[in-house]
Amino acid sequence: MSITVEEVKAALLQVIDPNTGRDLISGKEAKNIRVEGGRVLLDVELGYPARSQVEPIRRLVADALGKLPGVAGVEANVYFKIVAHAVQRGIKLKSNVKNIIAVASGKGGVGKSTTAVNLALALAAEGAQVGILDADIYGPSQPMMMGISGQPETKDGKTMEPLENHGLQVSSIGFMIDPDEPMVWRGPIVTQALQQLLDQTNWRDLDYLVVDMPPGTGDVQLTLSQKVPVTGAVIVTTPQDIALLDARKGLRMFEKVGIPILGIVENMSMHVCSNCGHAEPIFGVGGGERMCADFGVDFLGALPLTMEIRQQTDSGTPTVVADPDGKVAEIYKNIARRVAVKVAEKARDMTSKFPSIVIQND
């Protein structure tokens, strides 16, 4: 009994990608479906980094198709391909950076930088090429968090090479100043420094550049929205009302400048006692989820307040690399996967697909 391509497609309608929640046909992940005798061959292209997801999804496909009468074997080539996505109108993409993700907060002290670095490390752990730009000019923290010291080198006298650790490319004003030296700069100089860090760092073929934003809604945020091609923003908050008040302002700012909100991360949602394991919501309950409901955006995940996160980050080995199989690292990885899926669902950048129109006199 022979099997047809249409029967294969009908079976794939029942195979749900656990990360997107969509079947492989409507999600346009199943490609190049062929039937050769009793063998079914197909590609499954995922639009997000998914090193840990390739084998589970391959098994889902093989199990679903293997049940069809007449199928003697299934060859599912599951892989991921990350492409550039649309940004604000009138802003061109960086040739060496496909997607820029801003990680922001309305106020300081909510764990934004810790979230940003673990988000970047989680994307890299899933197979993406990732960089992190420390845009907090007044209080750069990524050199310490990434365990990197020293100054960047230049090969051409015009651009500087990113420093690297844990598989990430990193650029920060912190590499160029004394750690104890305060940045007593006015706004225009700060925004110029941000632009130089972004444009004059020799990023090498990044799938994602995670930008650790300074807190607030000031000059740096405005420069980012007007001159930097941002794919989307992640808002970090804590559950209490005073943090949510400022986080709401940050979210509104991105909406006004046309940068999509990829979702909200609630940090320090629960304090876990290191002795007895008792969990207590010392900053309140459900603030991040209520904010998501108010603004119609996705809740990406909630992180506990634990001593280990602080210790690991202070030591230069953030949680995702210090304890990659731990519970907290798994939360960061799930958040990163949700962010990547949200990016993949956005419209692709098509500017390179259109030819340039040249008018000339013969």
Side-chain angles (χ1 to χ4, degrees), residues 94 97 100-121 123-124 130-154 159-203 206 208-225 227-228 230 233-236 246 250 265 267 309-322:
K94 301 293 178 185
V97 180
I100 296 179
I101 300 170
V103 179
S105 65
K107 69 190 299 294
V110 298
K112 167 190 53 62
S113 295
T114 301
T115 301
V117 71
N118 279 291
L119 171 62
L121 290 166
L123 290 170
V130 186
I132 186 162
L133 172 64
D134 191 348
D136 195 346
I137 305 298
Y138 292 120
S141 55
Q142 290 303 332
M144 174 180 284
M145 290 185 171
M146 285 295 296
I148 301 176
S149 59
Q151 292 189 334
E153 297 179 353
T154 178
T159 60
M160 57 187 173
E161 299 300 308
L163 298 183
E164 294 187 53
N165 199 15
H166 307 311
L168 294 188
Q169 300 174 37
V170 188
S171 185
S172 171
I173 196 72
F175 296 138
M176 305 169 210
I177 61 171
D178 186 294
D180 296 326
E181 186 70 23
M183 302 302 292
V184 189
W185 288 356
R186 294 190 183 275
I189 300 178
V190 171
T191 56
Q192 183 180 355
L194 170 63
Q195 199 74 44
Q196 287 181 308
L197 283 173
L198 178 65
D199 295 338
Q200 296 179 12
T201 299
N202 187 27
W203 304 108
L206 295 182
Y208 304 98
L209 176 62
V210 176
V211 181
D212 179 14
M213 298 290 294
T217 55
D219 290 332
V220 170
Q221 287 80 359
L222 191 59
T223 296
L224 190 87
S225 64
K227 298 182 179 180
V228 178
V230 181
V234 173
I235 306 295
V236 180
D246 291 329
V265 175
N267 205 20
I309 295 177
R310 194 272 304 166
Q311 290 174 332
Q312 290 158 351
T313 306
D314 282 354
S315 70
T317 53
T319 304
V320 169
V321 291

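Treat the numbers as computed from the prediction; the structure is a model and nothing was measured. Any value given below was found using the heavy atoms of this structure, including those in side chains, with hydrogens, waters and symmetry copies removed.
Using modelled atom types, no side-chain atom of Trp203 and backbone atom of Pro162 make a donor-acceptor pair closer than 3.5 Å. Asp212 contributes no side-chain N or O that, together with a main-chain N or O of Ala116, makes up a donor-acceptor pair within less than 3.5 Å. Between the side chain of Asn202 and the backbone N or O of Thr159 there is no donor-acceptor pair closer than 3.5 Å. Side chain of Gln221 to backbone of Pro214: a donor-acceptor contact under 3.5 angstrom is found. In terms of modelled atom types and a separation under 3.5 Å, the side chain of Lys112 and the main chain of Pro215 share no donor-acceptor contact. The backbone N or O of Val236 lies less than 3.5 Å from no partner atom in the side chain of Asn267, so there is not a single donor-acceptor pair. A distance-only check finds a donor-acceptor pair linking the side chain of Asp134 to the backbone of Ser141 [under 3.5 Å].
Between atom OG1 of residue Thr313 and atom CE of residue Met146 there is a gap of 11.0 Å, rounded to the nearest 0.5 Å. Note that CD1 of Ile189 is 14.0 Å distant from CG of Leu194, once rounded to the nearest 0.5 Å. Interatomic distance, CE of Met145 versus CD1 of Ile132, reported as 8.5 Å (0.5 Å rounding). One distance of note links CD1 of Ile100 with CG of Leu206; it measures 9.0 Å at 0.5 Å rounding. Atom CD in Glu161 sits 7.0 Å away from atom OG1 in Thr154 (nearest 0.5 Å). For the atom pair Asp314 CG and Ile309 CD1, the distance stands at 11.5 Å (nearest 0.5 Å).
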**OP:** Give the intermediate values and the outcome of side-chain contact (heavy atoms from CB on, under 4.5 Å) for residues Leu197 and Ile137.
**Re:** CA-CA 10 Å; Leu197 283 173; Ile137 305 298; 3.9 Å; yes
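When all heavy atoms of Ala102 and Met213 are compared, the pair lying nearest together is CB-CG, 4.1 Å. Contact record, Ile173 with Pro140: CG2-CG, 3.8 Å, taken as the closest heavy-atom pair. Closest of all the heavy-atom pairs between Leu163 and Ser149 is CD1-O, 4.2 Å.
Contact annotation: the side chain of Leu198 approaches that of Leu209 to within less than 4.5 Å [non-hydrogen atoms, C-beta and beyond]. Residues Gln142 and Ile148 are not in side-chain contact: their nearest non-hydrogen atoms beyond the backbone lie 4.5 Å or more apart. Looking only at side-chain heavy atoms (C-beta outward), Ser171 and Gln200 stay at 4.5 Å or farther from each other. Put simply, the side chain of Val170 does not reach to within 4.5 Å of the side chain of Asn165, judged on heavy atoms.
Under a cut-off of 6.0 angstrom, the local environment of NZ in Lys227 is sparse, with at most 12 non-hydrogen atoms contributed by other residues, nucleotides or ligands.
With Val320 as the partner, the side-chain contact (heavy atoms from CB on, under 4.5 Å) test is satisfied by one option alone out of Leu123, Leu119, Leu121: Leu121.
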